[in-house]
Protein chains: 2
Amino acid sequence: METTYINRKDHIKQVAQQLFRKNGYTATSMRNLAGEIGIEPASLYSHIKAKEDILQQICFGLANDFFSAANPICDSLMSPEEKLRRAIVAHIQVITNNLDASAVFFHDWRHLGTESLKKFRTLRSEYEELFRSIVREGMAECVFRKVNEKFMVLTIFSAMNWTYEWYQPGTNLNSEVIGNNVADMLINGLKTI
Amino acid sequence: METTYINRKDHIKQVAQQLFRKNGYTATSMRNLAGEIGIEPASLYSHIKAKEDILQQICFGLANDFFSAANPICDSLMSPEEKLRRAIVAHIQVITNNLDASAVFFHDWRHLGTESLKKFRTLRSEYEELFRSIVREGMAECVFRKVNEKFMVLTIFSAMNWTYEWYQPGTNLNSEVIGNNVADMLINGLKTI
DNA sequence: TATCTTTGCTAACGAACGTTAGGTTTTAGA
DNA sequence: TCTAAAACCTAACGTTCGTTAGCAAAGATA
């Protein structure tokens, strides 16, 4: 799971993810974090500069994962429908494989400092553009219905990004199946064909 | 908008919604709230018992709105597809007409106290069951595809509940059109028919 | 074994937190 | 106009916050 680690810094990140997910970034104190790890609060500062550093690590680390998963798909020569399907599956796999980080990512990114916040928003726009270009391509080829492009992408993200709220590893289906189901639902609708 | 009020208590709720939405419940202090209203922090306690009271008002108030919108639709004799479409539109209208409250509702409900939290979770289950029964009905009539029922409902809620993240009154379409678009997308899929 | 770096500790800093006590001003009804 | 309630104030309470200073222990390198 998300409990393996090599060094203290990674350990801090792991535990922080769990606590931030459970109680929220603001409601989690450095004393909570230190206590959960089993060290004194001041000792944290041998490994990190500030509380916000941890949040940055989590948010930008996961952003990187999302890009790494989506980029090769977008650069490929598959059809728009196949691209979209695979991009959805890849996105959902990143989420389900990093549930703690995802929860923090979607919930607490706004508590990043001014500069990080700006960077985060830029990355998010860039990432959304990846999906938007697939959708645009599909509309041009008349494979996707021609509705407001931004709106379609937002609905796709809506359906994908809520996953962390309910997905429970073990009790649910595995992440690839979940991803394919969401993709199916979005592409074909819930109506019988 | 959400800026009209009658008495101080409602005024406090309105301003609190805005601040909670912008900065989060935990990161918003009673001093912030009082300052925004234009009174001293201690004066708040002539109208409310505690900070959490405000959160309760917001969360359970909106929960009530959701039920009021969905119940008559579920009790009607329309087809499952029509029921679902209308329930989706109604749900999204509640969100877009209460953007501040919705953001707090979806974001900060977990900061409710133990007892309220339990009550909240129960209400949420009940509300989900309303949609689940429509979906079940639709599957039984072979109007909806037979996939995991819980999963289908979760995807529907995913698509609906993210609306508050991006909807901007004025710049976007009006709430009924948005709702119908989401319903369309979910029911028919994004593929051309 | 001696030296340097990493990791952790105790103690404490100033600031901010939610909330209360107790008094004053404003408002509304008789 | 008098009175009681509602609204708001100043001041402060005990607590918790993120973080720092300064020092000790542990581990790695020579």
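Below, chains carry the letters A, B, ... as their sequence lines are ordered, and counting in each starts from 1.
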| Taking the inter-plane angle between the rings of Phe67(A) and Tyr127(A) on a 0 to 90° scale, is it parallel (under 30°), tilted (30 to 60°) or perpendicular (over 60°)? | perpendicular
| query | Among dT10(C), dA11(D), dC8(D), which is the nearest nucleotide to the side chain of Ala42(B)? | reply | dA11(D)
| query | Under the 6.0 Å and 45° cation-pi test, does Lys51(A) pair with Tyr25(A)? | reply | yes
| message | Tell me the closest heavy-atom pair linking Pro41(A) and Arg31(A), and the distance in Å. | response | CG-CG, 3.6 Å
| task | Please report, rounded to the nearest Å, how far the C1' atom of dA12(D) is from the OH atom of Tyr45(B). | result | 14 Å
| said: Parallel, tilted or perpendicular: which one describes the rings of His91(A) and Phe131(A), with boundaries at 30° and 60°? | reply: perpendicular
| Nearest-neighbour nucleotide for the Ser46(B) side chain, dC8(D), dC9(D), dT10(C) considered | dC8(D)
| query | What is the distance from CE of Met30(A) to P of dT20(D), rounded to the nearest Å? | reply | 10 Å
| query | Looking across every strand, which nucleic acid part, if any, lies under 4.0 Å from Thr26(B) by heavy atom: base, sugar-phosphate, or nothing? | reply | nothing
| remark: Per atom distances to the His47(B) side chain, the nearest of dA7(D), dG8(C), dT19(D) is dA7(D)
| query | Please give, in whole Å, the distance from dT7(C) P to Lys9(A) NZ? | reply | 10 Å
| field | Shortest side-chain distance from Glu40(B), nucleotide among dC9(D), dG18(C), dA11(C) | value | dC9(D)
| remark: Checking Tyr164(B), Phe60(B), Phe120(B), Phe20(B) against Phe105(B) for ring-ring contact (aromatic ring centres under 6.0 Å, His included), the one that qualifies is Phe120(B)
| request: Check the distance between dT20(D)'s C1' and Leu44(A)'s CG and give it to me in whole angstrom. | output: 13 Å
| message | Below the 4.0 Å mark, does dT7(C) have OP1 or OP2 next to a side-chain nitrogen or oxygen of Ser43(A)? | response | no
| query | Over how many whole Å does the gap from Arg31(B) atom CZ to dC17(D) atom P extend? | reply | 16 Å
| query | Any side-chain N or O of Arg8(A) less than 4.0 Å from the OP1 or OP2 oxygen of dT6(C)? | reply | no
| note | Between CD1 of Ile39(A) and P of dT6(C) the distance, given in whole Å, is 17 Å
| task | Figure out the CD1/C1' separation between Ile12(B) and dC8(D), and round it to whole Å. | result | 11 Å
| message | Please pick, from dT19(D), dT19(C), dC17(D), the nucleotide with the shortest atom-to-atom distance to any side-chain atom of Lys51(B). | response | dT19(C)
| query | dG8(C) C1' sits how many Å from Ile48(A) CD1, rounded? | reply | 14 Å
